[in-house]
Amino acid sequence: MIDSENEVEGTTRRYNYLNIKKILLIQELIDEGFTLDAAANKVENRMKNLNEKLANSSSEKDHTIK
């Protein structure tokens, strides 16, 4: 679910913006009382739904431009 950009052992891990956003959303849900597993699943579902909406929106724009 969350991967660092630098997987070399013994180095500082770096995370991209998307992964940092996921971490912050998971933390918010944990603060609201969700378990780690439930929060992670909820964020993953949100990201999936958002990606689907963006893909659909992009597809609709492609059809109107042509």
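Bear in mind that the values here come from a model prediction, so they are computed numbers and not experimental data. FYI, side chains are in, hydrogens and waters are out, and symmetry mates aren't considered; it's all heavy atoms of this structure.
The line from CZ of R46 to NZ of K21 is 9.5 Å long, rounded to the nearest 0.5 Å. To the nearest 0.5 angstrom, L36 atom CG is 9.5 Å from N41 atom CG. With rounding to the nearest 0.5 angstrom, the CD1 atom of I26 is 10.0 Å from the CG atom of D37.
Here N19 pairs with I2, Y15, N16, K22 under the side chain to side chain contact (heavy atoms under 4.5 Å, CB included) rule; sequence neighbours left out. Residues satisfying the side-chain hydrogen bond (donor to acceptor under 3.5 Å, both in side chains) test with Q27, not counting sequence neighbours, are D31.
Residues L18 and L25 share a hydrophobic cluster, clusters being chains of Ile/Leu/Val/Met/Phe/Trp/Tyr side chains in contact below 4.5 Å.
Between K53 and N56, the closest side-chain pair of non-hydrogen atoms is not below 4.5 Å.
For the pair A40 and M1, the tightest heavy-atom approach, listed with the atom from each and the gap, is O-CE, 3.3 Å.
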